[in-house]
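I have placed the structure first, in the form of structure tokens, so that the comments after it can refer back to it.
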Amino acid sequence: MKPLTTYQNFYFVGIGGIGMSALARYFNASGKTVLGYDKMHTKLTKALVEEGIDIEFDDLITDKIRSLTPENTLVIYTPAIKKLDILNYFNDHHFEVLKRAKVLGMITQNTNCIAISGTHGKTTTSSLVAHLCEEANLPFSCFLGGIAENFKSNFHFNGNEVSVVEADEYDRSFLTLSPDWAVITSTDADHLDIYGDNATIQKGFQDFADLIPESQQLFVRKGIDIGRDAKTYAVNEEADYYSDNIREIGDKIHFDFHKQKEESHDFVWEIPGIHNVENATAAIALLHNFGVDFETLKKGIAGFKGIKRRYTKHNFENGKIYIDDYAHHPTELNAVIGSIKTFYPQKKLLVVFQPHLFSRTKDFADGFAESLDQADELILLDIYPARELQENFEGITSDWLSEKIKLENKDVSTLEDAFNKIKEKDFDVLLTVGAGNIDTLYDGIVEWLSDKK
């Protein structure tokens, strides 16, 4: 396999994906020619085009594709795409065709790599680590699984000596990386269509942990058995590194960070949620060991703006609170709803949830039911299928899931009807949550609540 530096052209099949677009931006920033295909026009593909990347939206073999040669072009694809004429063309004409994860792994081989893994929390944690690297002016590049508000992007370039990557467990992608430092935030069962059972998922994370050369450079949430020595972190309980005394003062969250038996350090930031303090604890612990002093870390934490759709909160003059979040697993729902219940225990909570994937809904139906029962009122949207087909999951519908939910005040709705149903409800806090296209409700809700007296 040739080194990446030998290629001038990089063609991305499925360039609009969050992980693919970060790689595309990396090669574009490195002075390479970047082209690609995606079936959907989105805000992200529009941004890529504005950055000078050439994108096709039809599955056609164009003159631009025919002008590429195997000698000067690397083709990168996402496993989410199964059948495509463009991909067949590149394979038939003997181009080097690699998965996104493989290429990201090749990039990390030549850097001091910080990899953030876990079934929950990795996007916020990796984005925070990247932001703190920027605050410390480290020579780093980051590849994120969400749009970081500080960068307004899922990619940022400040050098190539250090890489900050979101280590994705889907399709075992994280095992292609070459991490020197790592965080493991959680190892809950997920992606059972890939792993089959929970024991296999646990083995996958243990294999990832084994990639880290030094135990003091591996940070694992307390309670996770990773099969080797590592530094632990936690919230509201003692660990090698932990945070406690979490309190909301005005619109700020304060917490105390403890480094083993040393004195504590007071941190202040704008990001709500106890689970987010846990993510911050991991980031602070790792980067302090990386060599960043506490004053720089405090400044960076205070200036962190968060991730789009990760506990994005709005307070309105009428007293209403609106929170939008990407959670799509029972553990994530429990974290978000639990934080809301902690900070607003007397307020009436309306949850609007869009299940993501028929397989995930089927595998974790009981967990979803228990999580959603914590709401005061629920609007359950139709399942977002993504790469799956309803015909392969007969009977797995939102009506089926609703029957498992004990909550009396619940509705099943299409996405199209959801906004009108929301406007009919009485609530103090509104939570829209899910990983599909529920985010299309966001702008309308913000505008409506801003005008509502």
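Every heavy atom of this structure was used, including side-chain atoms; hydrogens, water molecules and symmetry mates were not. One-based numbering along the sequence shown. These numbers were taken from a predicted model, which means no experiment stands behind them.
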Under 6.0 Å from the [atom1] atom of [X], do we count more than 12 heavy atoms belonging to anything else shown?
{"X": "Lys203", "atom1": "NZ", "answer": "no"}
{"X": "Lys2", "atom1": "NZ", "answer": "yes"}
{"X": "Gln390", "atom1": "CD", "answer": "yes"}

Donor-acceptor pair, [X] side chain versus [Y] backbone, under 3.5 Å?
{"X": "Ser398", "Y": "Leu381", "result": "yes"}
{"X": "Asn150", "Y": "Phe304", "result": "no"}
{"X": "Asn28", "Y": "Val34", "result": "no"}
{"X": "Thr45", "Y": "Thr42", "result": "yes"}
{"X": "Thr185", "Y": "Ser117", "result": "yes"}
{"X": "Gln202", "Y": "Thr187", "result": "yes"}
{"X": "Ser371", "Y": "Pro330", "result": "yes"}
{"X": "Thr232", "Y": "Arg221", "result": "no"}

Could you report the tightest heavy-atom contact between [X] and [Y], atom names first, then the distance?
{"X": "Leu177", "Y": "Ala115", "result": "CD1-CB, 4.3 Å"}
{"X": "Asn154", "Y": "Ala22", "result": "ND2-N, 3.5 Å"}
{"X": "Lys222", "Y": "Glu238", "result": "NZ-O, 2.5 Å"}

>> Is it the case that the side chains of Gln374 and Asn334 hold a donor-acceptor pair, with the cut-off being a distance below 3.5 Å and no angle test?
In response: yes
> Do Thr432 and Asp324 meet the criterion of a side-chain donor-acceptor pair at a distance under 3.5 Å?
Replying inline: yes
Identified side-chain contact (heavy atoms from CB on, under 4.5 Å) partner of [X] from the options [options]:
{"X": "Leu4", "options": "Gln109, Met106, Lys32", "value": "Met106"}
{"X": "Cys113", "options": "Ile107, Thr108, Val162, Leu104", "value": "Thr108"}
{"X": "Ser243", "options": "Asn236, Ile284, Thr281", "value": "Thr281"}

>> Between Tyr233 and Tyr242, is the ring centroid distance below 6.0 Å?
In response: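 No, ring centres 6.0 Å or more apart.
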Over 60° means perpendicular and under 30° means parallel, so tell me whether [X] and [Y] are parallel, tilted or perpendicular.
{"X": "Phe294", "Y": "His265", "value": "parallel"}
{"X": "Phe151", "Y": "Phe140", "value": "tilted"}
{"X": "Phe255", "Y": "Phe267", "value": "parallel"}
{"X": "Tyr241", "Y": "Phe257", "value": "parallel"}
{"X": "Phe27", "Y": "Phe10", "value": "parallel"}
{"X": "Trp181", "Y": "Phe219", "value": "parallel"}
{"X": "Phe427", "Y": "Trp448", "value": "tilted"}

>> By the definition side-chain hydrogen bond (donor to acceptor under 3.5 Å, both in side chains), identify the one residue from Asp411, Asp376, Asn409 that meets it with Lys425.
In response: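 The side-chain hydrogen bond (donor to acceptor under 3.5 Å, both in side chains) with Lys425 is passed solely by Asp411 among Asp411, Asp376, Asn409.
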Does a side-chain N-to-carboxylate-O contact under 4.0 Å join [X] and [Y]?
{"X": "Glu332", "Y": "Arg360", "answer": "no"}
{"X": "Glu377", "Y": "Lys410", "answer": "no"}
{"X": "Lys46", "Y": "Asp38", "answer": "no"}

> Passes ring-ring contact (aromatic ring centres under 6.0 Å, His included), Tyr326 versus His328? Steps please.
Replying inline: CA-CA 6 Å; Tyr326 189 74; His328 53 283; 5.1 Å; yes
>> Run the salt bridge (Lys or Arg N to Asp or Glu O under 4.0 Å) test on Arg247 and Asp256 for me, step by step, so that the C-alpha distance in whole Å, both residues' side-chain angles and the decisive distance to 0.1 Å come before the verdict.
In response: CA-CA 10 Å; Arg247 63 266 188 210; Asp256 295 339; 3.5 Å; yes
